[in-house]
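Data first, discussion second: the structure below is written as structure tokens.
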Amino acid sequence: MIDIPFRFAYITLTIPFLIIWLILFFVRKDIRKEQLRMSYIVAIIGPISELIYFKDYWLPQSVFPIFINKFPLMVEDILFGFAIGGIAAVIYEVIFKKQLSKFSVHSKYTIKSIYIALTFALVLIGLIKFGVNSIYASAIAFFVSALILLILRHDLFVNAVGSGVGVMLVMFACYFFLFNILASNTEELLKQGWIIRNSILDMRIANIPLTEMVWGFTWGFLAGPWYEFASKKKNVSIK
């Protein structure tokens, strides 16, 4: 174990996610389009999301920070968003050996994905206005948005649960590697980066903040079936 400078903690955490992304990418060529599209979208959204997380949840440092009106734009946010977006999109298909298929008849689900996104934004903003910490506000918003999606597409329920559990386990493994195998200064890293440390929200499993596991599950629960919903496709077993 080694002492990891706080500045390098975020990039060190991100690397295992990128490795897992690459494994999924090379294992299943047929779903690369889904993986890449979600990765590109979340790579853009990731840095923007820090506008809320930096206020009350965490404040990491970047190896190469770029400041925009005193707001730190971090390359790690882009890389992490890219990785977690693609992982959430395809982990269910890879683990359970599923592939995408078009409906044999025109899908009756005509609601646009933009309405689900608006639901997420409204729930998120409302919860933050009521004082809910941003990490739980976003997790609840993910979950509520996913429930609406699943009401419209019952067939995607197993995909949602499988993706949620899959992303949560990936996050657990990556955080466990950083906090319990690689870093000898775990508590110091948490002290410098996690705003919620020593608060009522500071609950951990094997040194890993429980908030990260909740966020991971709810993100996968929504992002996993999102592509199928938006593209009006379904999951079928590989023959």
Side-chain angles (χ1 to χ4, degrees), residues 10-49 75-109 112-114 116-117 120 142 145-146 149-150 152-178 212-213 215-239:
Y10 195 3
I11 192 67
T12 303
L13 174 65
T14 301
I15 291 172
F17 285 95
L18 292 171
I19 293 173
I20 292 172
W21 187 96
L22 284 171
I23 292 172
L24 297 176
F25 185 78
F26 285 111
V27 165
R28 289 288 301 276
K29 295 180 180 180
D30 58 308
I31 51 177
R32 286 179 176 177
K33 182 185 292 186
E34 176 185 2
Q35 184 175 359
L36 285 170
R37 284 183 175 178
M38 284 295 291
S39 288
Y40 293 145
I41 291 171
V42 184
I44 296 172
I45 296 174
I48 298 173
S49 69
V75 65
E76 292 88 348
D77 280 329
I78 298 172
L79 294 175
F80 178 79
F82 182 88
I84 203 66
I87 290 171
V90 302
I91 194 166
Y92 168 77
E93 284 92 338
V94 173
I95 292 176
F96 294 96
K97 297 182 179 179
K98 300 289 183 177
Q99 62 185 2
L100 297 177
S101 176
K102 293 182 179 180
F103 285 99
S104 57
V105 295
H106 183 68
S107 173
K108 66 180 180 179
Y109 308 105
K112 302 296 183 181
S113 297
I114 187 64
I116 305 292
F120 168 79
F142 287 146
S145 302
L149 185 156
L150 294 175
L152 296 165
R153 288 284 305 273
H154 306 288
D155 61 298
L156 294 175
F157 177 76
V158 177
N159 182 318
V161 175
S163 298
V165 173
V167 171
M168 181 178 66
L169 292 177
V170 166
M171 293 190 68
F172 183 87
C174 293
Y175 274 89
F176 188 89
F177 172 75
L178 174 63
E212 294 297 295
M213 301 301 98
W215 187 93
F217 174 80
T218 55
W219 164 244
F221 192 68
L222 173 63
W226 181 275
Y227 184 85
E228 287 81 352
F229 177 82
S231 61
K232 297 189 175 84
K233 293 183 179 180
K234 60 182 177 178
N235 296 121
V236 296
S237 298
I238 297 176
K239 296 181 180 179

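What you see is a predicted model, and the numbers here were worked out from it, not measured in a lab. One is the number of the first residue; the rest follow in order along the sequence.
Shortest non-hydrogen contact noted between Pro225 and Asn159 is N-OD1, 3.4 Å. For Ser163 against Gly224, the heavy-atom pair with the smallest separation is OG-CA, 3.4 Å. Between Ala88 and Gly220, the closest heavy-atom pair is CB-CA, 4.3 Å. Shown here for Glu34 and Ala89, the closest heavy-atom pair between the two residues is OE2-O, 2.7 Å.
Residues Ile84 and Met171 meet the side-chain proximity criterion, which asks for heavy atoms closer than 4.5 Å. Side-chain contact check for Ile15 versus Phe177: every heavy-atom pair is 4.5 Å or farther apart. Arg32 is listed as a side-chain neighbour of Phe26, based on a closest heavy-atom distance under 4.5 Å. Contact of the Asp77 side chain with the Tyr10 side chain is registered, since non-hydrogen atoms from C-beta on lie closer than 4.5 Å. No side-chain heavy atom of Ile20 sits less than 4.5 Å from a side-chain heavy atom of Ile91. Two residues are said to be in side-chain contact when any heavy atoms from C-beta on lie closer than 4.5 Å; Val42 and Phe82 fail this criterion. Looking at Arg28 and Leu24, their side chains never come closer than 4.5 Å, going by heavy atoms from C-beta outward.
The aromatic ring centres of Trp21 and Phe25 sit less than 6.0 Å apart.
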From CA spacing to verdict: side-chain contact (heavy atoms from CB on, under 4.5 Å), Val167, Phe221: CA-CA 9 Å; Val167 171; Phe221 192 68; over 6 Å; no

Check against side chain to side chain donor-acceptor pair (under 3.5 Å), Ser237 and Lys98: CA-CA 5 Å; Ser237 298; Lys98 300 289 183 177; 3.0 Å; yes

Candidate pair Val94 and Ile23, rule side-chain contact (heavy atoms from CB on, under 4.5 Å), full reasoning: CA-CA 10 Å; Val94 173; Ile23 292 172; over 6 Å; no

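Looking at Asp30 and Gln99, their side chains never bring a donor and an acceptor atom within 3.5 Å of each other.
For the atom pair CD1 (Ile31) and CD (Glu93), the distance works out to 5.0 Å, reported to the nearest 0.5 Å. In this structure, the separation between OH on Tyr227 and CZ on Arg37 is 4.0 Å, given to the nearest 0.5 Å. Rounded to the nearest 0.5 Å, atoms OG (Ser39) and CD1 (Ile78) are 13.0 Å apart. Once rounded to the nearest 0.5 Å, the distance linking NZ of Lys29 with CD of Gln35 reads 13.5 Å.
Annotation: side chain to side chain donor-acceptor pair (under 3.5 Å) contacts of Glu212 (sequence neighbours excluded): Tyr57, Tyr175. Checked against ring pair (Phe, Tyr, Trp, His ring centres under 6.0 Å), Phe157 has no partners two or more places apart in sequence or in another chain. The side chain to side chain donor-acceptor pair (under 3.5 Å) search around Thr12 returns none, not counting sequence neighbours.
When each of Leu79, Val170, Leu22 is paired with Phe17, the side chain to side chain contact (heavy atoms under 4.5 Å, CB included) condition holds for Val170 and for no other.
Taking the six-membered ring for Trp and thresholds of 30 and 60 degrees, Trp226 and Phe229 have ring planes inclined between 30 and 60 degrees apart. Ring orientation note: the planes of Tyr92 and Phe96 are tilted relative to one another, at an angle of 30° to 60°. In this structure, Phe120 and Phe142 have parallel ring planes: the angle between them is below the 30° cut-off, well short of the 60° mark.
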